[in-house]
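Worksheet: one structure, shown below.
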Amino acid sequence: MQSYNEDLASITQCVIALQKLVTTHKEIAYGNLPCAKQKIVVQRYAQIVEELTQQLCISLKLRAISTAESLNRVLIEQSVNLLYVALDTDGSKLKALLENSIIETRKSATRWLKHLESIGQESPVAQARFDNAVRIKADFEQRNGRADDFPKIRERFAAVGWEDYYYMFYAPLCDSVHTYSDDMLNLVNFEIHMADDVNAHAMRGLMESERRRLTIYHSAVSVSLYAESFGRIFMMSATTDVIEAIRLALKPVISLVERHESHDADNRERADLGNLFKGYEI
């Protein structure tokens, strides 16, 4: 097993290469999108995932494991959103995304108002938030028509062909980072139920080592999916040279994923990232 720093270097070098490719060829990547609104949204998502990958590398360098795992979760989700909107051929997915922002604002304002009513209070801020959402939604529908419901995250994974990854990576990361309860359970077991302090100290050390290993593994996976999202966008423009460059940049990270999976003798699942873009060939 290579060292943490060697794996970090592979991930960082891959991120730098990917971002250089996207920046150099962005006009090709975005030029084939059907409409101006879609181009605006995809470019914004591209900026978001670039920022997330940069901060992920910084967190890994600082060994800020909890931060890195949170970033992995968000990076995977935003890579899904990027690809989901980029693959929209008729504008319906984009329209649903845009209207969803208004709908969620109205929902949260409604819940706030109901809470205030239950305790006999009022808030002009809550009322203004609700009134603004109603007004903006009416204006949106007048200009764009009614949108379909925006799908839940699992449905978005399925729509881009990543449903397996939802169950293998995204859902466990959500479970982990919402409360970090896995860490808490392990620590309580070590501190309270171990027979002696020596064993407890040793188990804490093993836990931290495994946390670092898993975070490197998850980071390699999230960067791989980030790469696939852009690779499939470039496929829309038939840019085979860029796709091959992405594959080449990603090769050490794919090897990293495979190595970390083989490390666990009990592992029955495989990310199967060794042939990214399979099923989406030009």
Side-chain angles (χ1 to χ4, degrees), residues 1-26 28-29 42-83 162 165 168-170 172-173 176-177 180 208-234 239 241-264 270-277:
M1 182 69 72
Q2 287 182 259
S3 71
Y4 179 95
N5 287 337
E6 288 172 325
D7 285 344
L8 170 58
S10 295
I11 292 170
T12 303
Q13 289 165 10
C14 177
V15 166
I16 292 170
L18 290 171
Q19 292 182 351
K20 184 177 180 181
L21 283 167
V22 171
T23 300
T24 302
H25 302 285
K26 62 183 178 181
I28 296 174
V42 169
Q43 285 182 305
R44 181 56 177 165
Y45 273 131
Q47 292 171 355
I48 291 169
V49 295
E50 179 178 350
E51 179 182 322
L52 289 168
T53 52
Q54 290 172 348
Q55 294 304 311
L56 173 62
C57 291
I58 292 171
S59 297
L60 291 172
K61 184 176 181 179
L62 294 173
R63 301 203 175 200
I65 300 303
S66 299
T67 302
E69 287 290 63
S70 296
L71 288 168
N72 279 324
R73 172 193 174 277
V74 181
L75 175 56
I76 292 173
E77 182 173 355
Q78 299 313 320
S79 295
V80 170
N81 290 334
L82 167 69
L83 188 54
W162 288 1
Y165 301 149
M168 292 174 69
F169 302 114
Y170 181 76
L173 278 170
S176 175
V177 304
Y180 294 99
E208 291 303 322
S209 177
E210 181 65 2
R211 285 182 74 225
R212 289 192 295 272
R213 186 186 75 82
L214 283 174
T215 300
I216 284 289
Y217 170 50
H218 292 152
S219 299
V221 169
S222 67
V223 168
S224 298
L225 295 179
Y226 154 68
E228 182 177 341
S229 66
F230 275 107
R232 287 171 62 186
I233 292 171
F234 279 116
T239 48
D241 54 334
V242 180
I243 296 165
E244 288 306 314
I246 291 174
R247 283 195 176 107
L248 182 62
L250 199 55
K251 193 172 181 180
V253 173
I254 296 299
S255 297
L256 190 162
V257 170
E258 294 170 347
R259 177 164 37 81
H260 277 263
E261 287 183 338
S262 65
H263 172 80
D264 185 357
R270 289 288 184 269
D272 195 22
L273 295 168
N275 185 22
L276 284 178
F277 321 119

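Reckoned from all heavy atoms, side chains included, excluding hydrogens, waters and symmetry mates. Nothing here was measured: the structure is a model prediction, and the numbers come from that model.
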L52 and I48: side-chain contact (heavy atoms from CB on, under 4.5 Å), yes or no, with the steps? CA-CA 6 Å; L52 289 168; I48 291 169; 3.8 Å; yes
Regarding [X] and [Y], is there a side-chain donor-to-acceptor distance under 3.5 Å anywhere?
| X | Y | value |
| --- | --- | --- |
| R211 | S66 | yes |
| S209 | Y4 | no |
| Y217 | E261 | yes |
| Y45 | Q78 | no |

Between R232 and E228, does a salt bridge (charged side-chain N to carboxylate O under 4.0 Å, His left out) hold up when you go through it step by step? CA-CA 6 Å; R232 287 171 62 186; E228 182 177 341; 3.5 Å; yes
Does the side chain of [Y] come within less than 4.5 Å of [X]'s, by heavy atoms?
| X | Y | answer |
| --- | --- | --- |
| E244 | R247 | yes |
| H25 | F230 | no |
| Y165 | S222 | no |
| F234 | L21 | no |
| T12 | K61 | no |
| V221 | M168 | no |

Where the side chain of S176 meets the backbone of P172, is there a donor-acceptor pair that is under 3.5 Å apart?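 Not at all, since once roles are kept as given, no pair shorter than 3.5 Å links the two residues.
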Can you confirm whether more than 12 heavy atoms, excluding those of E208, are under 6.0 Å from its CD atom?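 Atom CD in E208 is packed in, count exceeds 12.
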With side-chain contact (heavy atoms from CB on, under 4.5 Å) as the criterion, how do R212 and I216 come out once you've worked through the C-alpha distance, each side chain's angles and the decisive distance to 0.1 Å? CA-CA 6 Å; R212 289 192 295 272; I216 284 289; 5.8 Å; no
